[in-house]
Amino acid sequence: QVRLAESGGGSVQTGGSLTLSCEHSKFTYSSYCMAWFRQAPGKGREAVATIDSKDGITYADSVKGRFTIVKGSAGRILTLHMNGLKPEDTGMYYCATRGGMWCPLLFMGSREYEYWGQGTQVTVSS
């Protein structure tokens with residue numbers, strides 16, 4: 001069973017920064033995709049960024065240039081650095097993973113992922 005645990009959420013003002021971390025247990029598959037999703041109140045879960053087994057990265061257009069996804073080289077940590085935060089970035093942020101060399105296209109959504117963390121709340125005030 002894969003376990004994921006997010007941390008680092010909080011409340012910031014517009015333009016502020018946060019760094020989210022996702023600590024995960026050892027994976028049973030040799031290749032895997034990891035992703036950050038978010039869910040705003042009353043909305044569906046949307047992909048924010050993905051990183052595949054070859055460290056190929058994809059960002060949602062809404063966060064390009066502001067967010068950076070990093071896969072830890074030493075430990076089992078996935079990080080999301082968020083800069084220039086906007087009120088529309090508010091939501092619960094989740095990390096997720098699935099086996100396989102490549103990540104699903106962003107529009108394919110959350111159903112493509114097998115394991116999820118419990119989420120960490122990010123609130124950006126204007």
Side-chain angles (χ1 to χ4, degrees):
Q1 181 72 18
V2 174
R3 292 181 175 83
L4 305 166
E6 302 93 337
S7 62
S11 297
V12 297
Q13 293 188 325
T14 297
S17 299
L18 284 172
T19 294
L20 307 183
S21 296
C22 172
E23 186 171 359
H24 58 85
S25 60
K26 185 176 181 180
F27 294 144
T28 56
Y29 31 71
S30 57
S31 299
Y32 56 91
C33 160
M34 296 202 74
W36 284 99
F37 282 75
R38 67 185 179 191
Q39 186 166 18
K43 295 189 176 181
R45 199 168 291 191
E46 64 169 348
V48 172
T50 64
I51 183 166
D52 63 33
S53 60
K54 297 292 187 181
D55 293 340
I57 293 172
T58 301
Y59 294 103
D61 287 343
S62 59
V63 306
K64 278 181 184 176
R66 300 188 298 122
F67 289 13
T68 304
I69 187 171
V70 179
K71 189 190 297 181
S73 57
R76 301 189 190 112
I77 299 286
L78 179 73
T79 301
L80 185 68
H81 298 287
M82 306 188 296
N83 298 312
L85 284 163
K86 305 174 182 180
E88 51 264 43
D89 294 318
T90 294
M92 187 70 77
Y93 282 69
Y94 301 89
C95 68
T97 189
R98 55 169 280 161
M101 188 169 290
W102 313 116
C103 289
L105 298 174
L106 293 183
F107 77 88
M108 296 175 74
S110 60
R111 290 177 294 179
E112 299 293 324
Y113 289 81
E114 189 173 6
Y115 299 104
W116 292 84
Q118 293 300 307
T120 185
Q121 177 68 36
V122 172
T123 303
V124 185
S125 58
S126 57

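Every heavy atom of this structure was used, including side-chain atoms; hydrogens, water molecules and symmetry mates were not.
One distance of note links OG of S126 with CD of Q13; it measures 9.0 Å at 0.5 Å rounding. With rounding to the nearest 0.5 Å, the separation of SG in C95 from CG in L4 is 4.5 Å. Atoms CD1 and NZ, on I77 and K71 in that order, are 13.5 Å from each other to the nearest 0.5 Å.
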Donor-acceptor pairs under 3.5 Å, side chain of residues 110-118 to any protein atom, not counting sequence neighbours: which ones?
from: E112; atom 1: OE1; to: R98; atom 2: NH1; distance (Å): 3.2
from: W116; atom 1: NE1; to: Y113; atom 2: O; distance (Å): 3.4

Show me the side-chain donor-acceptor pairs of residues 32-47 shorter than 3.5 Å, one per line, residues at least two apart or across chains.
from: R38; atom 1: NE; to: E46; atom 2: OE2; distance (Å): 2.7
from: R38; atom 1: NH1; to: D89; atom 2: OD1; distance (Å): 2.8
from: R38; atom 1: NH1; to: Y93; atom 2: OH; distance (Å): 3.0
from: R38; atom 1: NH2; to: E46; atom 2: OE2; distance (Å): 3.3
from: R38; atom 1: NH2; to: S62; atom 2: OG; distance (Å): 3.3
from: Q39; atom 1: OE1; to: R45; atom 2: NE; distance (Å): 3.3
from: Q39; atom 1: OE1; to: R45; atom 2: NH2; distance (Å): 3.4
from: Q39; atom 1: NE2; to: K43; atom 2: O; distance (Å): 3.0

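A pairwise comparison of heavy atoms in T14 and P87 identifies OG1-CD, 3.5 Å as the closest pair. Across all their heavy atoms, I51 and C103 have their closest contact at O-SG, 3.4 Å. For the pair Y59 and I69, the tightest heavy-atom approach, listed with the atom from each and the gap, is OH-N, 3.0 Å. Here the closest heavy-atom approach between residue G9 and residue L20 is recorded as N-CD2, 3.6 Å. Here the shortest heavy-atom pairing between L18 and L85 reads N-CD1, 3.8 Å. Shortest non-hydrogen contact noted between T90 and V124 is OG1-N, 2.9 Å.
Between the side chain of S25 and the main chain of R3, a donor-acceptor pair closer than 3.5 Å is present. Looking at T19, its side chain never comes within 3.5 Å of a backbone N or O of H81 through a donor-acceptor pair. For S21 (side chain) and T79 (main-chain N/O), no donor-acceptor pair under 3.5 Å exists by modelled atom type.
Residues V70 and V63 do not share a hydrophobic cluster, defined by chaining ILVMFWY side chains whose heavy atoms lie under 4.5 Å apart.
Contact of the V122 side chain with the M82 side chain is registered, since non-hydrogen atoms from C-beta on lie closer than 4.5 Å.
Connectivity analysis of hydrophobic side chains (ILVMFWY, heavy atoms under 4.5 Å, direct or indirect) links M101 to W102.
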Would T50 and L106 satisfy side-chain contact (heavy atoms from CB on, under 4.5 Å), going step by step from the backbone distance to the final call? CA-CA 8 Å; T50 64; L106 293 183; 3.6 Å; yes
